[in-house]
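One structure is given here, and the rest of the page talks about it.
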Protein chains: 2
Amino acid sequence: MNSIEVCFSPELIHLHEVEGKIVVVVDIFRATSTMVAALASGVTEILPFADLEACRAMQAEGFLIGGERNGLTAPGFEMGNSPVAYLSGGYEGRRLAMTTTNGTQAIEKSKGAAEILIGAFPNLQATVSYIQGQHLDVLVHCAGWKGRFNLEDSLYAGALVKSLESTHKADEDGALAMKSLFEREGHQLKNYLSKASHAKRLQNHGIESDIDFCLTLDLYQDVVKVDDRGFLVRI
Amino acid sequence: MNSIEVCFSPELIHLHEVEGKIVVVVDIFRATSTMVAALASGVTEILPFADLEACRAMQAEGFLIGGERNGLTAPGFEMGNSPVAYLSGGYEGRRLAMTTTNGTQAIEKSKGAAEILIGAFPNLQATVSYIQGQHLDVLVHCAGWKGRFNLEDSLYAGALVKSLESTHKADEDGALAMKSLFEREGHQLKNYLSKASHAKRLQNHGIESDIDFCLTLDLYQDVVKVDDRGFLVRI
């Protein structure tokens, strides 16, 4: 049986081993949800950037550019960090360069893993099925909020631990705790996570439809991974 | 109403404000449990040390010295990190110099707080009652395990959040999550925490009685704080 563990913040990732593992990067509100939505909506590949200006420069290369800082679309960017914005179509065949506050940094800090996947509730079951075919240990890397623990990424971690319990043993404390939390609160995900501090920040921005999307299970069959070039692609 | 939040590791404490708050430092297995037991058993005051040799040097000053590294008594030290060792008596009136892997470092990193308390299950209710008389915001600082999240410190945090719910609002994600976890698992503390990785490490050392002690509620009415000199004392 393989194992699964949870890292709650990019600031703690140096305390975990990534080598040889599948690392699932999760930033529910909203980076990884948006990445999954964009690729499922026809975007061909996504190149993540930690730096805003490096991301902006990709527009000259023909990329669609998406950028967010503190929950708002970065000045001059075509797209912010809204998954729902991709659902109306019109982005088929485009390549996307994307930067966000927390999510892209968690991807950067996961390098060295056997494989890096992008996790979100809308493709949870697809990700579970894929992992179960790989026979590798799993580390869930929560992007958190500016280095701190957050509720939505942690609860996704709990959902993944629970869904993988037949193949991946949770005997690490973070995984055990989040499995218990998901068992208690997972039946009322939207209600429970409406209390989360990040959901409250997003509600202030008037983007209830994004929150609703980010907490909807299994809309897509697409698994998203970081390929050898550092691009996010569907597999 | 005041607020309560949870920091899961000394490696994340720089992301939290300590100024103006009561910081409750918790290292259930076993530093803070041992501190509470020692003071309740007649030790007059405890001086915590991060450094082993600095702690050892206090023997020449007449201090009892207690030291632990990786769960074992440090070579040449009179006491390890066992709370049960203090219960048989014989330490009344002694001053104790103490160093542990995680706990004393969490105390050091809490400096700047309005007040630093030492938390453990055996004096949970006493600590709750004291806090409710102070009208200050609370930050629970979990010592964790070598910087990582651990189950027993986090569950104590959840117990404290739950016990303070009439006076301290939990609207921070760590506090919300641990309150839910405690509500699910708190009725079977010993059974649930026997799965924790640190409990397993301690079981390997043959110290079941310590684990049992550390998870026993409300044996003492003593509140333990760090005083202006940096000593731990009963109040």
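Every chain is numbered from 1, with letters handed out A, B, ... down the list of sequences.
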Original post:
Taking B:Glu172, B:Glu185, B:Glu152, B:Glu183 one by one, which has the highest count of heavy-atom pairs under 4.5 Å against chain A?
Top reply: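 Of B:Glu172, B:Glu185, B:Glu152, B:Glu183, B:Glu183 has the most heavy-atom pairs under 4.5 Å with chain A.
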
**OP:** Check each atom of B:Phe8 against the heavy atoms of chain A and say whether the ones under 4.5 Å are side chain, backbone, both or neither.
**Re:**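 The side chain, not the backbone.
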
Could you tell me which non-hydrogen atom of [X] sits nearest to which non-hydrogen atom of [Y], and how far apart they are?
X        : Y        : value
B:Tyr192 : A:Ala177 : OH-CA, 3.7 Å
A:Leu12  : B:Gly147 : CD2-O, 3.6 Å
B:Leu176 : A:Leu151 : CD1-CD2, 4.0 Å

Original post:
Who are the side chain to side chain donor-acceptor pair (under 3.5 Å) partners of B:His14, not counting sequence neighbours?
Top reply: A:Glu11

**OP:** Quick one: list whatever passes side chain to side chain donor-acceptor pair (under 3.5 Å) with B:Ser194, sequence neighbours left out.
**Re:** none

Original post:
Quick one: of A:Lys146, A:His16, A:Met178, who has the most non-hydrogen atom pairs under 4.5 Å with chain B?
Top reply: A:His16

Subject >> Engaged part of A:Ser9 at the chain B interface, taking heavy atoms whose separation is under 4.5 Å >> reply: side chain

